[in-house]
Amino acid sequence: MNDEWRTISYRKAISALKRQKKPITSYQEAIKIRGIGDRTAEKIAEIIETGNLRRLQHFSEDDEVIKKFSDIWGVGSAIAMKWYAKGYRTFDDIIQNVKLTRVQRIGLECFDDLRERIPRDEVTEISKRVEEAACRIDPKLLCITVGSYIRGKPTCGDIDILITRNNTDGKTSSGPFLKLLNTLREQGLLTHDLTKHQEENATSRYFGICKLPGGEKYRRIDLFTVPFNELGAALLSFTGNDIFNRSMRLLARKKKMKLNNHGLYKNISRGRGGDSLTEGTLIAQRTEREIFDALGVPWR
DNA sequence: GCCT
DNA sequence: CAGTACG
DNA sequence: AGGCCGTTACTG
């Protein structure tokens, strides 16, 4: 069953509901909200009237198993369904019968810990250690903890740290980035690598797992290095959330522009498949404000 | 799922 | 390349 | 009916 878009629709609806200033008390109020249609408004009404949703009472066993498989890092819907089709139902079945990839083995090993949300204070603590290590390598490195942390959430699913450096003296953050990873490994803060690429790219993403010394649990951590000029676009992208990013990018597309983690481009012409045919012209990337202005979106 |  | 992942 | 983010970045 392909529920990909339905899932996204529900997440959009949830997001729209959370933005409401007043609680929704009826079908009529719900359906006025953009992103909530008849089907979802009916479900909301049922919840308002009865306190629950009958269809939610029971998921089929298939759904439960596939969901659990795809909760393993490195396992998506395709692999989860393939495993299910082969008759596997438990992690034991998987361990016995499947040749797991390196990252899937890590995902399984840390499965329970990675399901836990991270208290904000712990994100602060881990970020501080990364920042200190970065500063020792190059005092001009700038570390910004983004993702749900920068959005002020009390707990985070993972730790996202953006690393950049003012390049007016000709130096960037890409070289120190690899040194930083090595330092953090030596310190024992980084315990597992989920990405392995070790090239010195201007933009690169490291995904891994970390644990505070004496800490209780393994935590997912992402480190990004971005060129200083692209800081605004990178902040916009890595601050999210994903629903917000998709909506901004869709808006850009409607205006014959393109928004990605590098910047905002204009005069994009796209093929029927949506793939762009022209490079376009870069019009904003340095600050988030520039990008909002160029897109015609009120600043925050 | 929702929107055009 | 398909699959998975990130916000 | 048909699109729904990114020519995103990384793995195998």
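Here the structure is a predicted model, which is why all the values come from computation and not from measurement. In what follows, every chain begins at residue 1, and chains take the letters A, B, ... in the order their sequences are listed.
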Practice task
Would you indicate, yes or no, if C/dG7 has its OP1 or OP2 atom less than 4.0 angstrom from a side-chain nitrogen or oxygen of A/R151?
Solution key: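 Indeed not, no polar side-chain atom of A/R151 lies that close.
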Whichever hydrophobic residues join [X] through chains of side-chain contacts under 4.5 Å:
X      : value
A/I268 : A/Y265, A/L282
A/Y27  : A/I31
A/L17  : A/I24, A/I33, A/I36, A/I44, A/I48

Problem - Contact pattern, 5' to 3', of nucleotides 7-12 of chain D - B, S or - by protein heavy atom under 4.0 Å - result: BBSSSS
Practice task
Look at the rings of A/F207 and A/W73 and say which category their plane angle falls in: under 30° parallel, 30 to 60° tilted, over 60° perpendicular.
Solution key: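 Answer is perpendicular, since the angle exceeds 60°.
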Applying a 4.0 Å non-hydrogen cut-off, can you work out what [X] is touching in the nucleic acid: base, sugar-phosphate, or nothing?
X      : result
A/I79  : sugar-phosphate
A/I268 : nothing
A/T7   : nothing
A/V75  : sugar-phosphate

Handout entry: Sidechain-backbone polar pair: A/S237 side chain, A/A233 backbone, donor-acceptor under 3.5 Å
Key = no
Problem - Backbone of A/A80 reached by a side-chain donor or acceptor of A/S70 within 3.5 Å - result: no
Handout entry: Nearest-Å distance once atom P is located in both D/dG3 and C/dA5
Key = 25 Å
Practice task
Quote, to the nearest angstrom, the C1' distance that separates C/dT4 from D/dC5.
Solution key: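 Each nucleotide's C1' atom is 16 Å from the other's.
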Problem - Protein-nucleotide distance (A/I159, atom CD1; C/dC6, atom P), rounded to Å - result: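 Rounding to the nearest Å, CD1 of A/I159 and P of C/dC6 are 13 Å apart.
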Exercise for the section: Strictly below 4.0 Å, heavy-atom distances to any atom of DNA chain C: list the hits from residues 217-237 of chain A, or just say none. Expected result: A/R220, A/D222, A/S237
Exercise for the section: Would you confirm whether the ring centroid of A/H197 sits within less than 6.0 angstrom of the ring centroid of A/Y206? Expected result: no
Handout entry: A/F69 ring center within less than 6.0 Å of A/W83 ring center
Key =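 They qualify: ring centres under 6.0 Å apart.
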Report the nucleotide, chosen from [options], that has the shortest atom-to-atom distance to any side-chain atom of [X].
X      : options             : answer
A/F238 : B/dG1, C/dG7, C/dT4 : C/dG7
A/A78  : B/dC2, B/dT4, C/dT4 : C/dT4
A/R6   : C/dT4, B/dC3, B/dG1 : B/dG1

Problem - Identified stems (criterion: three or more consecutive Watson-Crick or G-U pairs, under 3.5 Å), DNA chain D - result: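 For DNA chain D the paired stretches long enough to count as stems (3 pairs minimum) are B:1-4 with D:1-4, C:1-5 with D:8-12.
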Practice task
Name the residue closer to the 5' end of DNA chain B, choosing between A/R34 and A/R39 according to the nucleotide with the nearest heavy atom.
Solution key: A/R39
Problem - Enclosure of A/K179 NZ (heavy-atom neighbours >12, cutoff 6.0 Å) - result: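 Result for NZ/A/K179: open.
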Handout entry: Worked verdict on A/D193 versus A/L181 for side chain to side chain contact (heavy atoms under 4.5 Å, CB included)
Key = CA-CA 10 Å; A/D193 299 332; A/L181 295 179; over 6 Å; no
